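Okay, so here's the structure we're looking at.
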Amino acid sequence: MNESAVTEIPKVKTLPDAQTVTEVTHWTDRLFSFRVSRPQSLRFRSGEFVMIGLMGDNGKPLLRAYSIASPNWDEELEFYSIKVPDGPLTSKLQHINVGDQIILRPKPVGTLVHDALLPGKRVWFLATGTGIAPFASLMRDPETYDKFDEVIMMHTCRTVEELEYGRQLVENLINDPLIGEMVDGKLKYYPTTTREEFHHMGRITDNLENGKVFKDLGLEPMNPETDRAMVCGSLAFNKDVMAVLEGFGLREGANSEPREYVVEKAFVGDGI
Ligand code: FAD
Ligand code: A2P
């Protein structure tokens, strides 16, 4: 008998579907982002979400839905997360460090994908809070700029510091030696606050309805022939934006039936 066959392999305690944390950035006391290794087999469409989490105290995985914030060409995966003080997952997840492991189920799904939209000229990404995560992926995907002449990213938060993750992402994108050229002139970023003084203010719904965003960016109002939209925010936000989009004549689409706009919940519940 070959001796090596009976040599005991040291038991390394690893989580099922474990991925290793490579970077953690805390943006505010309520928001952080992190990057993890990417399973080689994981293919996803920019805008999709996966289930991620940690091992719970009961020895069972504690998983939650998370939009993948990185584009599909990235070697790693990025996530942008809320910190819910008593949240079963994020009360723990917010303490992860580089080298730690998280669980990632490699089954991406979701409706915020190009396949669910009919071809058009302009695409509007409409997000509040952590709802910018799927657009952090889509804004960095060359397909977005192949498919549309103009990409408008509207992101609204209560305060200026809550916009910082998105602001830096857009700035880095524009200055990127590879993607910058593709994005140049096509990506229009329109961040607003609602509860702190900022150069642009107001809810996305209001800025679309009163025409302020069109005036500020020098754009024609939305038109179902040319405009497509993707929406990601709280339930209340999604519901109100959908009514505004329908008012412009856009209809909700799905993977199985592409139309003019698609919607995904940024989280379940009323928010914190
Ligand atoms: P939970 O018990 O899950 O939530 C407790 C309460 O906190 C909720 O009832 C709600 O009121 C509030 N809350 C939860 N998530 C948020 C949030 N993101 N923003 C504001 N309030 C919130 N969360 C992210 O941080 N980033 C993502 O990319 C993300 N993608 C998601 C995609 C989908 C399709 C869905 C359904 C949810 C997504 N979420 C995302 C929410 C996420 O699944 C968890 O709810 C969140 O991580 C909190 O987990 P928890 O166990 O700590 O608390
Ligand atoms: P506001 O400050 O006027 O409530 P939250 O932090 O509560 O998740 O909200 C994130 C951002 O989304 C805030 O700027 C908030 O504006 C805005 N918002 C919340 N609900 C709606 C809604 N129903 N329609 C439009 N914007 C909303």
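None of the values given here were measured: they were computed from a predicted structure. Both counts, for ligands and for their atoms, begin at 1 and track the order of listing.
Protein heavy atom closest to atom 25 (C) of ligand 2, with residue, atom name and distance, is Thr205 OG1, 3.3 Å. In this structure, the protein non-hydrogen atom closest to atom 12 (C) of ligand 1 is Ile272 CG2, 3.7 Å. Scanning all protein heavy atoms for the shortest distance to atom 45 (O) of ligand 1 gives Arg64 CD, 4.1 Å. Residue, atom and distance of the protein heavy atom nearest to atom 23 (N) of ligand 2 are Asp240 OD2, 2.8 Å. Here the protein heavy atom with the shortest distance to atom 39 (N) of ligand 1 is Ala266 O, 3.0 Å. Scanning the protein heavy atoms around atom 11 (C) of ligand 2, the nearest turns out to be Thr156 O, 3.7 Å. For atom 24 (C) of ligand 1, the nearest protein heavy atom (residue, atom name, distance) is Tyr66 CE2, 3.4 Å. The shortest contact between atom 25 (O) of ligand 1 and any protein heavy atom is with Ile82 N, 2.8 Å. Among all non-hydrogen protein atoms, the one lying nearest atom 20 (N) of ligand 2 is Arg203 NH2, 3.6 Å. Regarding atom 2 (O) of ligand 1, its nearest protein heavy-atom neighbour is Pro88 CD, 3.5 Å. Of all protein heavy atoms, the one lying nearest to atom 28 (O) of ligand 1 is Ser67 N, 3.2 Å. Looking only at heavy atoms of the protein, atom 5 (P) of ligand 2 is closest to Arg158 NE, 3.7 Å. In terms of protein heavy-atom proximity, atom 15 (C) of ligand 2 is nearest to Thr194 OG1, 3.9 Å. Of all protein heavy atoms, the one closest to atom 10 (C) of ligand 2 is Thr128 CB, 4.0 Å. In this structure, the protein non-hydrogen atom closest to atom 26 (N) of ligand 1 is Tyr80 O, 2.8 Å.
Between Arg158 and Glu162 there is no salt bridge, since no side-chain nitrogen of the basic residue lies less than 4.0 Å from a carboxylate oxygen of the acidic one. Salt bridge status for Lys186 with Glu150: absent, with no side-chain N to carboxylate O gap under 4.0 Å. Between Lys188 and Asp216, none of the side-chain N atoms (NZ, or NE/NH1/NH2) sits under 4.0 Å from a carboxylate O, so this pair counts as no salt bridge. Classification of Lys121 and Asp227 as a salt-bridged pair fails, no side-chain N sitting under 4.0 Å from a carboxylate O. Salt bridge absent: Asp74 and Arg140 never bring a charged side-chain N and a carboxylate O closer than 4.0 Å.
Comparing Phe32, Phe49, Phe267 against atom 34 (C) of ligand 1, the shortest heavy-atom distance belongs to Phe49. For atom 10 (C) of ligand 1, the nearest non-hydrogen atom from the set Leu235, Val268, Val109, Thr90 comes from Val268.
A side-chain donor-acceptor contact under 3.5 Å links Thr192 and Thr156. Residues Thr128 and His155 have side chains that never bring a donor and an acceptor to within less than 3.5 angstrom of each other. With hydrogens and angles left out, the side-chain atoms of Glu246 and Tyr261 include a donor and acceptor closer than 3.5 Å.
Contacts with ligand 1 closer than 4.0 Å are made by no heavy atom of Phe79, backbone or side chain. Counting heavy atoms closer than 4.0 Å to ligand 1, residue Val84 contributes side-chain atoms (C-beta onward) but none from N, CA, C or O. The backbone of Asp270, and not its side chain, has at least one atom closer than 4.0 Å to an atom of ligand 1 (non-hydrogen atoms only; backbone = N, CA, C, O). Contacts between Ala65 and ligand 1, counted as non-hydrogen atom pairs separated by less than 4.0 Å, involve both the backbone and the side chain.
Ring planes of Phe79 and Tyr66: perpendicular class, angle over 60° (limits at 30 and 60°).
Per-residue contacts place Lys265 under 4.0 angstrom from the following atoms of ligand 1 (heavy atoms of the residue considered): 32 (C), 33 (C), 34 (C), 35 (C). Those atoms of ligand 1 with a heavy atom of Ala133 less than 4.0 angstrom away are 28 (O). Atoms of ligand 1 lying under 4.0 Å from any heavy atom of Ser81, numbered from 1 in the order shown and given with element: 25 (O). Near Ala236, meaning under 4.0 Å from any of its heavy atoms, are these atoms of ligand 2: 23 (N). Interface of Leu89 with ligand 1, defined as ligand atoms under 4.0 Å from a residue heavy atom, comprises 50 (P), 51 (O), 52 (O).
For Asp146, the CG atom is densely surrounded, since the number of other residues' heavy atoms within 6.0 Å is greater than 12. For Asn58, the CG atom is densely surrounded, since the number of other residues' heavy atoms within 6.0 Å is greater than 12.
No side-chain donor-acceptor contact under 3.5 Å links Thr90 to the backbone of Leu93.
Taking only nitrogen or oxygen atoms, main chain and side chain alike, Thr130 reaches within less than 3.5 Å of ligand 1.
Residues Tyr165 and Tyr80 bring their aromatic ring centres within 6.0 Å. Between Trp124 and Phe214, a ring centre-to-centre spacing shorter than 6.0 Å is recorded.
Atom 4 (O) of ligand 1 is not flagged as protein-proximal [any protein heavy atom, distance under 4.0 Å].
Note: the hydrophobic cluster containing Val263 does not contain Val123 (ILVMFWY, side chain heavy atoms under 4.5 Å, direct or indirect links). Hydrophobic clustering (side-chain heavy atoms under 4.5 Å, transitive across Ile, Leu, Val, Met, Phe, Trp, Tyr) groups Leu89 together with Phe34.
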